[in-house]
Amino acid sequence: MSDPEATNDGQRFDRLPETAADREVEGRATREEVLDWWDQRFGIPPETFEGYSFWEKGKGKIWILRGDLESPVGVEALGMKFLRTRQEHWKPTMNAVQRFGRGATRNVIELTREQARRFARGETQELEWDGDWGYLVAAHEFAGEPEPLGVGLYIHGELQSPVPKGRQREL
Amino acid sequence: MEQLERYEPLVGEFEAFREACERALPSVVRVNTIEATPERAKAALDEEGVGWDDREWSDTVLELDTTNPGSTWASFHGWIHGQEEVSAIPAEVLDPEPGERVWDACAAPGSKTTQLAALMDDEGLVVANDNNLGRLSALRFNTERLGVTNAAVTNRDARNFSLKPFDFEAFDKALVDVPCSCEGTIRKNPTALDDWSMDHVRSVAGVQKGILRRAVQATRERGTVVYSTCTFAPEENEAVLDHVLREEDCRLVEFDVGLDSRPGITEWDGETYDESVRKAQRFYPHLNDTGGFFCAKLEVGP
């Protein structure tokens, strides 16, 4: 049940409720939904996130913290920005995909080194992909194993690279 | 560089010191063990054709044969992070354990914060504070780029830092890597001494004393505080330790990082300092072919 008085306060971190039954702030994602989403979208099992807590600060910005703290927490940043909710398609962050995407078994697009270079430059490229459209784990073979580059957006035969400006590189 | 001549009586091999200060630094990175082991990082560098050399004193510090380590795949993946060799000393000396609560009092831009998190296997809590809002974005960028999930970032004056946002009373350990006159960074930044003045040295020393005192107060009994600067000035080094030894409940302890150093000094410019400041270490550029650095380890309590 939502509490009509409770709102999302952009100045502090609030821990996500466990389930919809615990939800007090309208529109706030639950821990269960977040874990389900990573499982459904990328096949990353919920156990991966045992020992982590999830927090919202800013509208729909979900953060992941190793361990837990008493909620709310009035700090500038807590753990890592993890996922964008409160929009039609949830979007993981590049850093979250680099950190947790190694375990992905679904919606992983393997790029050649040249395609990976274009991705790292932030370029959109035309690619064959017969899987789902939407947010993918973009990966390439690196030091002998597939390594996630970040999150890519596949739509209309194109792979877009949402790599933020400050993380784009000429490689 | 003439500012450094005041240290001639301290340094001993002054010509070697001066020559080292005039040379460019080797290109050094730290392997980020949150994302990769040193073995995998080396394999990745081999694959990219980037040469590397081990450092005997640390498994995670590597010298690279490129001047732009940021333009490697290993860096794009957050496996390595450009960090000057001496800058890797204080976190190693603090030696935080997984699960501990650690305060990084002056954390931006985050090289040491991310090193602390890595040494803790990203378990426990690093409270990374900086008073400068502009530098906070670099700190946040680096913690996230390197995959750190156990850090909380705060924006306060470290001298009166409050633990109020958190549900605990004291830290296990604190890293106090204070703003300083940066004389030791001359090899990285040839203009580092352009704004040097004795007034600046005295003014930052006051701030340094306040921050180190607060760190001792905020750390539990038997907890560890590491104090470091990248400068040679005794006013910012031994004199700050001497002050805090008199004002707070703490003592200096010995440490060994496996790099060549000289002991802290007990006399300077007509002043004498507590004998125990000899346990601090001065890292001069010519000793290990690094920048200049000062580091001291304190234990809290009687």
Side-chain angles (χ1 to χ4, degrees), chain A residues 11-13 48-49 51-55 57 63-82 93-102 113 116-117 119-122 138-150 163-171, chain B residues 32 34-37 39-48 68 70-79 98-99 101 110 117 120-130 133 136-156 162 164-168:
Chain A
Q11 295 309 301
R12 64 182 206 198
F13 287 88
T48 311
F49 302 106
Y52 292 88
S53 52
F54 295 97
W55 303 75
K57 184 198 187 192
W63 304 59
I64 184 169
L65 175 73
R66 186 72 175 264
D68 202 356
L69 289 168
E70 228 166 76
S71 176
V73 193
V75 294
E76 299 296 319
L78 196 61
M80 174 195 284
K81 281 195 284 303
F82 185 68
T93 64
M94 171 188 184
N95 293 318
V97 169
Q98 282 200 343
R99 176 80 159 83
F100 297 101
R102 270 175 223 121
R113 189 52 58 94
R117 278 194 192 97
F119 184 86
R121 285 198 293 264
H140 70 151
E141 180 92 358
F142 186 59
E145 284 171 44
E147 177 72 8
L149 295 151
V163 173
K165 267 255 155 57
R167 298 233 36 209
Q168 291 174 8
R169 287 286 178 280
E170 189 67 52
L171 290 156
Chain B
N32 173 31
I34 293 174
E35 297 282 3
T37 61
E39 291 66 38
R40 286 208 80 203
K42 290 173 191 174
L45 292 165
D46 286 342
E47 186 178 294
E48 292 190 75
N68 194 357
S71 293
T72 59
W73 281 111
S75 169
F76 183 81
H77 286 296
W79 291 15
R101 290 164 175 151
M120 296 160 74
D121 293 335
D122 201 27
E123 269 177 54
L125 185 69
V126 181
V127 175
N129 178 71
D130 207 277
L133 197 61
L136 223 54
S137 59
L139 170 64
R140 291 173 52 168
F141 178 82
N142 281 320
T143 58
E144 298 205 9
R145 184 178 81 78
L146 297 176
V148 172
T149 65
N150 75 338
V153 174
T154 58
N155 179 215
R156 303 283 153 79
S162 160
K164 211 173 159 197
F166 306 104
D167 50 3
F168 53 87

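We name chains A, B, ... by the order of the sequence lines, and we start the count at 1 in each one. Excluded from the calculations below are hydrogen atoms, water molecules and symmetry mates; all remaining heavy atoms, backbone and side chain alike, are included.
Ring pair A:Y52/A:F82: centre-to-centre distance not below 6.0 Å. A centroid separation of less than 6.0 Å is found between the aromatic rings of A:F13 and A:W63.
Of all the heavy atoms in B:A152 and A:L78, the pair that sits closest is CB-CD1, 3.7 Å.
For A:A96, no part sits under 4.5 Å from any heavy atom of chain B, backbone or side chain. Heavy-atom distances place the backbone of B:D121, and not its side chain, under 4.5 Å from chain A. Only the side chain of B:L125 comes within less than 4.5 Å of a heavy atom of chain A; its backbone N, CA, C and O stay farther away. With a 4.5 Å cut-off on non-hydrogen atoms, B:F166 touches chain A through its side chain but not through its backbone. Both the backbone and the side chain of B:A44 come within less than 4.5 Å of a heavy atom in chain A. If you measure heavy-atom distances from B:E123 to chain A, the contacts under 4.5 Å come from both the backbone and the side chain. Contacts between B:L136 and chain A at a heavy-atom distance below 4.5 Å involve the side chain alone, from C-beta outward. Only the backbone of A:P148 comes within contact range of chain B, judged by heavy atoms closer than 4.5 Å.
Contact count versus chain A (heavy atoms, under 4.5 Å) is highest, among B:P165, B:G78, B:A128, for B:P165. Counting heavy-atom pairs closer than 4.5 Å to chain A, the top-ranked of the candidates B:R40, B:R140, B:H77 is B:H77. Listed options B:A117, B:A43, B:G70, B:A41 were ranked by heavy-atom pairs under 4.5 angstrom with chain A; first place goes to B:G70. Here B:V148 is the residue among B:L45, B:V127, B:V148 with the most heavy-atom pairs under 4.5 Å with chain A. Here A:E70 is the residue among A:E70, A:R12, A:R117, A:E170 with the most heavy-atom pairs under 4.5 Å with chain B. Note: A:G166 leads A:G166, A:P164, A:G67 in heavy-atom pairs under 4.5 Å with chain B. Of the listed residues B:T72, B:T154, B:D122, the one with more heavy-atom pairs under 4.5 angstrom with chain A than any other is B:D122. For chain B, the option among A:G51, A:A120, A:G74, A:P72 with the highest count of heavy-atom pairs below 4.5 Å is A:A120. Of the listed residues (A:Q168, A:E145, A:M94), the greatest number of heavy-atom pairs within a distance under 4.5 Å of chain B belongs to A:E145.
Every residue was checked against the ring-ring contact (aromatic ring centres under 6.0 Å, His included) condition with B:F141, not counting sequence neighbours, and none meets it. For A:K57, there are no side-chain hydrogen bond (donor to acceptor under 3.5 Å, both in side chains) partners two or more places apart in sequence or in a different chain.
Side chains of A:W55 and A:S53: a donor on one and an acceptor on the other come within 3.5 Å. Using a 3.5 Å distance cut-off with no hydrogens or angles, the side chains of A:E147 and B:W79 do pair a donor with an acceptor.
Under the 3.5 Å distance criterion, the side-chain polar atoms of B:T149 are left unmatched by any main-chain donor or acceptor of A:I64.
The shortest side-chain heavy-atom distance between A:N95 and A:R167 falls under the 4.5 Å cut-off.
Aromatic ring pairs are classed by plane angle as parallel below 30°, tilted from 30° to 60° and perpendicular above 60°; the pair A:F49 and A:F54 is perpendicular. Below 30°, between 30° and 60°, or above 60°: for A:H140 and A:F142 the angle between ring planes is below 30°, a parallel geometry.
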